[in-house]
Q: 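Got a structure for you, written out below as structure tokens; questions coming shortly.
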Amino acid sequence: MSGLLERIAGKLRSYREPGYYTKLDHKWTMVIDLDKCNGCEACVVACYAENNLPVVGREECEKSRAFSWLRIERYVEGEYPDVKVKFIPVMCQHCMKAPCETGCPVYATYHNQDGLNVQVYNRCVGTFTCATYCTYDVRRFNWFTYKWPKPLEAQLNPDVSVREMGVMEKCTFCIQRIRSAKDTAKDESRPVKDGDIKPACSQSCPTGAIYFGDIQDPESVVAKLAKSPRRYRLLEELNADPSVIYLKRVMGDGTSSHE
Amino acid sequence: MKRRDFLKFIGIGGVGAGAGFVLGKVSKPPGAKLIPYLIPPEDIIPGVATWYASVCTLCGAGCGTLVRVMEGRAKKVEGNPGHPINRGGLCALGQSSVQALYNPDRITKPLKRKGPRGSGEYAEITWDEALKTLAANLIELKSKNESEKFHLLTSPLGGTIDRLAGEFVSAFGSSNYSHYGLFQRKNLAFANLSTMGTASIPHYDIENTKYLLSFGADFSSTWVSPVNYSNGYGKMRQGTGERGKLVQVEPRLSLTGANADEWVPAKPGTEALLALAIANTIVEKGLARDASAWRGVLSRYKAKDMASICDVPVERIEAMAVEFARTRPSLAIAGDSVSSYENGISGAIAVNILNQVAGNIGVIGGVMPNGDDLGNGKKIDFGRKISTLISAANADKIKTLIVYGANPVFTTPKAARLEEALSKVPFIASFSSFMDETTAHADIILPAHTSLEDWGDDFPDPGVAAPVASIIQPVVSPVFETKSLGDIFIELARAVGGNVAGKITAPNFAEYLKASWKGLYSRNREMAAGTLGFEDFWNKALQRGGWWGPSRKMTATVSARAGEHLTGAPARFEGEEAQYPFYLIPYAQTAYMDGRGANLPWLQELPDPMTSVVWGTWVEINPKTAASLGLKEGDMVNIESPFGKISAPVYLYPGIRPDTVAVPIGQGHSHYGRYAKGRGANPIEILPYKEDPLSGEAALNSTRVRITRGATGERLVKMEGSTKEFGRGIVQTVSPSEFKRMKKEVV
Amino acid sequence: MKKLILYAVVGGIAFVIGYFVNDQFFSDRAPVQPINFSHKIHAGDNQIPCQYCHIYAERSRVSGVPNVKRCMGCHQIIKTDSPEIQKVASYWDKKEPIPWVKVYNLPDHVYFPHKRHVRAGVDCKNCHGDVASMARIEKVSSLQMGWCLSCHTKREVKNGHDCWTCHK
Amino acid sequence: MAPHHMSDNQTGDVISYKEVNDDVVRTMTETGKWYYIALAGAFSGFLAFWILPWAYQIYKGQGVSGLNTPDFWGIYLTNFVFWIGISHSGTLLSAILFITKTPWRRSIYRSAEAMTFFSVATAAVFIFVHMGRPWNFYWTMPYPNQRQLWLNFQSPLMFDVFAISTYATSSMIFLYFGSIPDLAAVRDRVTGWRKQVYSALALGWRGTDSEWHWLFKAYTFFAVFIIPLAVSVHSIVSWDFALSKVPGLAKTIFAPYFVVGAIYSGSAGIVTLMIIFRKAMKIEKYITLNHFDKLGMLLLVMSLLWSYINVIEVFTGWYANTSAENETLVYRMFTTPYAYMFWLMIVTNTLLPLLFIFKKCRTSILACLVVSLGINVGMWLERYLILTTSLPRKFLPYMWHDYIPSWVEISMTLGSFCFFAMLFLLFVKLWPSVSIYEVKEDIGIPMRKGGGHH
């Protein structure tokens, strides 16, 4: 009995240690250079291939139920001939103060010690709260049981589960790749190095616009890029503290060649 | 309660419980099976992925790939980080190649035609029967001394398989082996041949250039070698050096145009004149580096004269000229906006002249000509055109036609009457593994492997001004009863017998390929460096994905003779302006390319980067034009040219000239699997049948159209809600001048 | 009428109970295998180490069922007259794999690497029980999440309670 | 419970205790053809419009609804809030009026409380309906489990689970406590299986002084307990929305807005129901015009309150002057088809109830029916608009997408009304739907002792 009390007291003390709530093993961060991104959507297909995203078909697309965890948003300004087009890849921003996490009644979404916004598919009961609360509209719902016509299912990635009907899902920063990189590092008795992990989108990007790494490691590429003067985060005023950092696109003020 | 009742309850309870128990037993899923290997495959650990290096063959760029294989199944195709073409990246189309492998609509067995031609009704036969039937047909042809009436039509194959196919055709006694593709960029190659002496596309060093002037080259999505250029683009924008600038000249804002710092919407067909006017301005202002040969020719293209023809203000032409000449290094690329017209060669030459005048040829950050680095003697035969084939068929000069990879029925205009010509060919065989429009005309189908199941090699064209040879290796065992393309030729040769069998003696294509590489190895000294003989080299090459050497700098000058191909006038468009008020720009869409991607579900569902439309065709119209026609977004319209009519929903697109409409190529398949069939419309159908007499390239931008209401068809399905940002700072920007003042991040 | 309803209710309740009993207590813990393979003879009497046959346990997520060639490697010589071995041989002759019935089956949403557990020094017995004494292999662990967690708690596994450690 | 004369009794007759007992028990024992037709209609409507589409939805998936990304909440949650709102005045009003000892409460409160309970039940089913995996609903309950999983007490949905179950339980107990003497009265007048059932339900009530004393105490306790509970329940329902960051939903005024709206719609619901109820059951002498007069005043006050908060709600959005809020407001107020709904809501909820300034309107059954129905429609629209004009216009315009309900959702909305009607029809048959003993208090002590109590 006293042992138990002792343990509880110890736990309570640990809660009061400075940094208890902010200390993380890693803080996985993505940096996307919008000046490099040309909107080619290779990353979108990479995400489909890696994460077993179902293809829903024309009618469902019309209802805005496409599954792309990662999408390239395009915004157009101005009228002909002064048209400006801007692209931005948007995926789960893995917010440190994620609005979605407060919504879920069953902890199917929460923050873990890697700074990731976790979605546990098999815990989800499908209340839609997380998706409604999400300020970036990145959550996708399994409206039906999706089927892969044979033999397309042979392509499914065994490292990622095929989600069942009625659960919410979203970008995981390719948790299976993080997991396998950690696994390899553990086999080699070393910590995970910068560059060990490349999520599918980052790997496939033809222009090399997507960087990924641990921002807690000051030597990592993302930590350096995060100090860029071009840095900003999406809808920062909402104070969700996202883990995806964008670098501003360099863009002229007019079409004339005289700056 | 009475005793009887009690017993009754006991009875009912027992029966109920028993029934429940049994149902529970029956409904339980049968125990999963645990199937071991019979013999363990070497170096495969179940549950651990194996990566194989190969090459993507979905377009001609030749990107190196790494294929992730688990338990004998291909899971993902990724770019090979070591490969000099794509350096790790891979485009949407390439990554979908795994869906081509596992496509539910693949042809699983050899087929024999049952219904009428074009119907796509077939009966399954054995390989034996298929090979025998085809061989018998060929033997008959040979015995009648009609070998010349055998034609082989393939996609632009390269490397060893091309050699094997060529050997087969010539050993048979025919000279009719032609390549066909919608986007072969033969105009460009021809222009380069006549200006710089090599019939290939040079390496455009986008990475190091500081001012990129692109004439409609949509290198971000489909043009020539998109991943290579995109990689260069990324480095040009945010590399180690100063940020390069991109200027795009094109009537319809492409994906690349959307990323440009400036968009110059010159009038369709006049871009070549604009290039010449810029060149002339450079010469006139004394900024030219090498203009000796061109002064005279260029003087005809005064900026002030061209300005009104091109619909570009003269100040702008001059400003562009000054910036192009002063920024070092600068680079102009001849994309579809100059080469896809009926005088496409002229346009491509004009851009070459511009590069020459500005001194961009043979310099880092400019145009770097590609040589025949490895001495495998590849050349483009400009004489072999689709029109040659059509007229031969019409003149009964084709008795047997074998088609592989090319889909000319889909990619030639209705006006070419290709189907009619094909109906005159007595025997057509197809080696395609998909039922496409051309294959549907075949009498017999011998399905070949997809590239993930097959052997092969690739010598990327255009290269990267360095020798590159990559190997395609089978990463999975065949999914269906298909055969390696090379093996089909070899087995066919054996079945035909005679000198064909005598010429092609390799037991199978894998051996043939290896032998071919042995020759390559012995011819190229550098390949031997660091290897212990050929076997070691071969294994290392398989592991790496091929072999590539250091860059070789080549230079060239644009020969003054090329001036004879300059037409000096805007390109012609069919149709009277009064009747057909709009220029039609059919363009290669990011996902479907020339239509080949349309059967892959990922690509159908991939939002078009510029319009976000999925699963269909659309027509891009300037909002102002649409307003004047009383059209809203999503309205179904007919697009009528003098040669036909298609219908598509309207997409309001501010990035297009008001006098132009654009339709993506790729949909409108009548065959090609469940995902593509009967979806959207094919704009090629309504084009005039125009082929460059010199290069054989089809002129895509060559007709005017009119837009009329009242069509019916599929609705517009787009993913975007709104294209406006409403000042929410979603995509934030800094101006170039502000950026210059910023401290550069060090990575 | 009233009675009928009563009968229906009683029958229905009994039905549910029967189903539940079957589901909970009569799950097939030791299914009949296509070949009467005895771990007792191999691992028990002959002391063959686990990883001699389950060769991937230390290298992969899965431990690996021995391939038929490995079986035949020994049984071409040993005990070739036994009818069970002859069954193995007939599979080998037909070039067919043996369709074993899976005893330990995890759902798709669980990521369980044998490798990590073996390398962390977890004995095979911990989960698979005393296989060396089993004539026919029998499931001894519930494989329920609580069962996993109890061990993770006991061994103080780092992040052993994070969902994404085991769920994919 | 002071005796009080129903001075403005419609019929003017003095009703005897016996008559009260007879009238009320008559509603339970004598069943006409029309009752069965109505019940059968409601039941088959419930089956056809709710159960079958729902089964279809569970089988196929939530995709059969019109929900999409980002409109994850649509009619289901609209109906949930609507029914919770309807539930709000029954018990709450009853409790408030009980504590303030308002005399006209007595003949209406029983059915009003029943209405509360049934609408909470209807609302609760909508929670299941809108879930992706309703068969895992029990995961939202705190219970010890081998998976060592616990609940997220930060989640407003979690609050909801507790608030609604507490509310449903307490309003059920409140209803039951108040009914015990009447159940005893029924017990004494029926035979057969009814006798057994009501004997059990009446808990052996004999009507002794101490029984009355304790019942009164318990009843008062629950009345006091339920008032803050009811207020909190709808506040919590509002937090489901207000704790998000979605423009149009994340407003601090939402809690009072929802509570006021709930009482408003609930009162209107009572009025509508009473009009139908008294007509169908022929009990005009117990539910009189006086009641409608008083309820009309209540509606008028609630209408003014609601309109005030509604203006404030729009105004705070506009005053924030962010693009997100502005677009949402424009979408709600000036974009078809939502503009029609919005302005219709203003007409029915703000303008129409102003008729109740005039006593003539308050005491006209027709006017009451029109206005109360209008308010119900308007309040449903209000909830619908809150969701369907906020979620389709979230922060990233690329993801804007309109919500169009599917037939499944519309059908289930209809089905929920059938379900409610079915429950209420069963209630009037199985439960004394007018408080016998309290109506008697109204009548006062008659000349001759009649009945069995007091």
Side-chain angles (χ1 to χ4, degrees), chain A residues 33-36 38-42 44-46 48-50 55-56 58 61-62 66 72-81 83 85-88 149-152 154-155 157-158 203-209 221 224-225 227-230 232 234 248-253 255 257-259, chain B residues 70 73 75-76 78-79 89-92 95-96 98-99 102 104 220-221 227 230-231 233-234 237-238 243 253 255 258-259 261-263 265 319-320 323 479 590 601-602 605-606 609 612 614-615 622 654-655 658 717 719-720 723 725 730-737 739 742-743 745-747:
Chain A
D33 191 340
L34 296 181
D35 202 31
K36 280 187 167 185
N38 62 4
C40 72
E41 305 211 328
V44 180
V45 173
Y48 267 81
E50 176 76 16
V55 168
V56 296
R58 186 188 162 83
C61 279
E62 195 171 9
I72 307 252
E73 296 197 352
R74 184 189 88 272
Y75 293 103
V76 183
E77 269 173 28
E79 281 178 21
Y80 174 87
V83 184
V85 185
K86 305 190 278 189
F87 298 99
I88 180 168
K150 267 187 184 316
L152 266 182
Q155 181 273 329
N157 187 352
Q203 199 286 329
S204 71
C205 182
T207 60
V221 173
K224 286 173 186 160
L225 282 173
K227 294 193 193 100
S228 164
R230 287 193 291 136
Y232 81 99
L234 194 53
K248 289 179 192 172
R249 165 120 179 236
V250 181
M251 206 171 202
D253 310 301
T255 48
S257 54
H258 321 285
E259 271 164 19
Chain B
M70 275 178 100
R73 288 163 164 199
K75 298 295 177 191
K76 191 164 185 295
E78 292 190 349
L90 197 63
C91 74
Q95 297 194 64
S96 305
V98 65
Q99 283 205 322
Y102 292 122
S220 290
S221 66
V227 182
S230 292
N231 190 282
Y233 170 81
R237 290 301 205 182
Q238 294 293 332
R243 182 177 186 272
L253 197 69
L255 179 61
N259 289 293
D261 300 277
E262 287 179 31
W263 173 41
M320 279 162 77
E323 207 176 349
V479 182
T590 309
W602 287 339
E605 196 141 315
L606 189 71
S612 83
V614 293
W615 295 94
N622 190 298
V717 180
M719 303 309 291
E720 74 192 3
T723 59
E725 250 186 298
I730 294 164
V731 190
Q732 297 187 11
T733 57
V734 291
S735 70
S737 48
F739 176 67
M742 278 180 174
K743 200 169 78 235
E745 60 268 6
V746 190
V747 180

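Every chain is numbered from 1, with letters handed out A, B, ... down the list of sequences.
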Q: With heavy-atom distances below 4.5 Å as the criterion, would you say the side chains of F739(B) and R230(A) are in contact?
A: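 A side-chain contact exists here, since the closest heavy-atom pair is under 4.5 Å.
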Q: Decide yes or no for T733(B) and K248(A): does some side-chain heavy atom of the first lie under 4.5 Å from some side-chain heavy atom of the second?
A: no
Q: Just so I understand: if I count every heavy-atom pair under 4.5 Å between each of G89(B), G79(B), P609(B) and chain A, which residue has the most?
A: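 Greatest number of close heavy-atom pairs with chain A: P609(B).
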Q: Considering only heavy atoms and a distance below 4.5 Å, find which of A154(A), P158(A), G208(A) pairs most often with chain B.
A: A154(A)
Q: How close do D261(B) and V250(A) get, heavy atom to heavy atom, and via which atoms?
A: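 Nearest heavy atoms, D261(B) then V250(A): OD1-O, 4.5 Å.
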Q: Any luck finding a side-chain donor-acceptor pair between N38(A) and S230(B) under 3.5 Å?
A: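 Side chains of N38(A) and S230(B): pair found under 3.5 Å.
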Q: Please state whether the side chain, the backbone, both or neither of Q203(A) comes within less than 4.5 Å of a heavy atom of chain B.
A: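 Both backbone and side chain of Q203(A) come within 4.5 Å of chain B.
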Q: Check whether any side-chain heavy atom of L152(A) lies under 4.5 Å from a side-chain heavy atom of Q99(B), and answer yes or no.
A: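 In short, these two side chains touch, coming nearer than 4.5 Å.
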Q: So for V227(B), is it side chain, backbone, both, or neither that comes closer than 4.5 Å to the heavy atoms of chain A?
A: both
Q: Measure C205(A) against the heavy atoms of chain B and call it side chain, backbone, both or neither at under 4.5 Å.
A: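 C205(A) touches chain B through backbone heavy atoms alone.
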Q: What residue in C40(A), A46(A), G78(A), A66(A) has the most heavy-atom pairs under 4.5 Å with chain B?
A: A46(A)
Q: Non-hydrogen atoms of chain A under 4.5 Å away: do they reach the side chain of V98(B), the backbone, both or neither?
A: side chain
Q: Checking A209(A) against chain B: side chain, backbone, both or neither under 4.5 Å from a heavy atom?
A: neither
Q: Can you tell which part of L253(B) gets under 4.5 Å to a heavy atom of chain A, answering side chain, backbone, both or neither?
A: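 For L253(B), the contact with chain A is made by the side chain alone.
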Q: Are the side chains of K76(B) and N157(A) in touch, meaning some heavy atoms are under 4.5 Å apart?
A: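 A side-chain contact is absent here, since even the closest heavy-atom pair is not under 4.5 Å.
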Q: Determine whether N259(B) and R249(A) make a side-chain contact, defined as any pair of heavy atoms from C-beta on separated by less than 4.5 Å.
A: yes
Q: For T590(B), is it the side chain, the backbone, both or neither that has a heavy atom under 4.5 Å from a heavy atom of chain A?
A: side chain
Q: Among the options E605(B), M719(B), M70(B), pick out the one with the most heavy-atom pairs lying under 4.5 Å from chain A.
A: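 Of the candidates given, the most pairs with chain A belong to E605(B).
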Q: Test side-chain contact (heavy atoms from CB on, under 4.5 Å) on R74(A) and V731(B) and set out the steps.
A: CA-CA 9 Å; R74(A) 184 189 88 272; V731(B) 190; over 6 Å; no
Q: Any non-hydrogen side-chain atom of K150(A) less than 4.5 Å from a side-chain atom of P104(B)?
A: no
Q: Return the minimal non-hydrogen interatomic distance between A92(B) and V45(A), and the atom names on each side.
A: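 Nearest heavy atoms, A92(B) then V45(A): CB-CG2, 3.6 Å.
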Q: Could you report the tightest heavy-atom contact between F87(A) and A258(B), atom names first, then the distance?
A: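 What the structure gives for the nearest pair is CE1-CB, 3.8 Å.
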Q: Select one option (side chain, backbone, both, neither) describing which atoms of I72(A) are under 4.5 Å from chain B's heavy atoms.
A: neither
Q: For a 4.5 angstrom cut-off between non-hydrogen side-chain atoms, does W602(B) reach V44(A)?
A: no
Q: How close do P654(B) and V76(A) get, counting heavy atoms only, and between which atoms?
A: CG-CG1, 3.6 Å
Q: Name the option with the most non-hydrogen atom pairs under 4.5 Å to chain A; the candidates are C91(B), S612(B), P265(B).
A: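 With the most close heavy-atom pairs to chain A, the winner is P265(B).
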Q: So do the side chains of L90(B) and P206(A) get within less than 4.5 Å of each other, counting heavy atoms only?
A: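 Result no, sub-4.5 Å side-chain heavy-atom pair not found.
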Q: What residue, out of E41(A), E62(A), E50(A), has the most heavy-atom pairs lying under 4.5 Å from chain B?
A: E41(A)
Q: side-chain contact (heavy atoms from CB on, under 4.5 Å) for S204(A) and Q95(B)? Distances and angles first, verdict last.
A: CA-CA 9 Å; S204(A) 71; Q95(B) 297 194 64; 3.3 Å; yes
Q: Taking R58(A) for the side chain and W615(B) for the main chain, is one N or O donor matched with an acceptor at less than 3.5 Å?
A: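 Checking the backbone N and O of W615(B) against the side chain of R58(A), a donor-acceptor pair under 3.5 Å is found.
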Q: Do any N or O atoms from the side chain of Q155(A) and from the backbone of K75(B) form a donor-acceptor pair under 3.5 angstrom?
A: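 Yes; judged by distance alone, with no hydrogens or angles, the pair exists.
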Q: Less than 4.0 angstrom from a charged side-chain N to a carboxylate O is my criterion; do R237(B) and D33(A) meet it?
A: no
Q: Report which part of Y75(A) has an atom under 4.5 Å of a heavy atom belonging to chain B: side chain, backbone, both, or neither.
A: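 Looking at Y75(A), backbone and side chain both touch chain B.
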Q: Please assess E725(B) against K86(A) for the test salt bridge (Lys or Arg N to Asp or Glu O under 4.0 Å), listing each intermediate value before the final yes or no.
A: CA-CA 10 Å; E725(B) 250 186 298; K86(A) 305 190 278 189; 2.7 Å; yes
Q: Taking side chain as everything from C-beta outward and backbone as N, CA, C, O, which of these in N231(B) sits under 4.5 Å from a heavy atom of chain A? Side chain, backbone, both or neither.
A: both
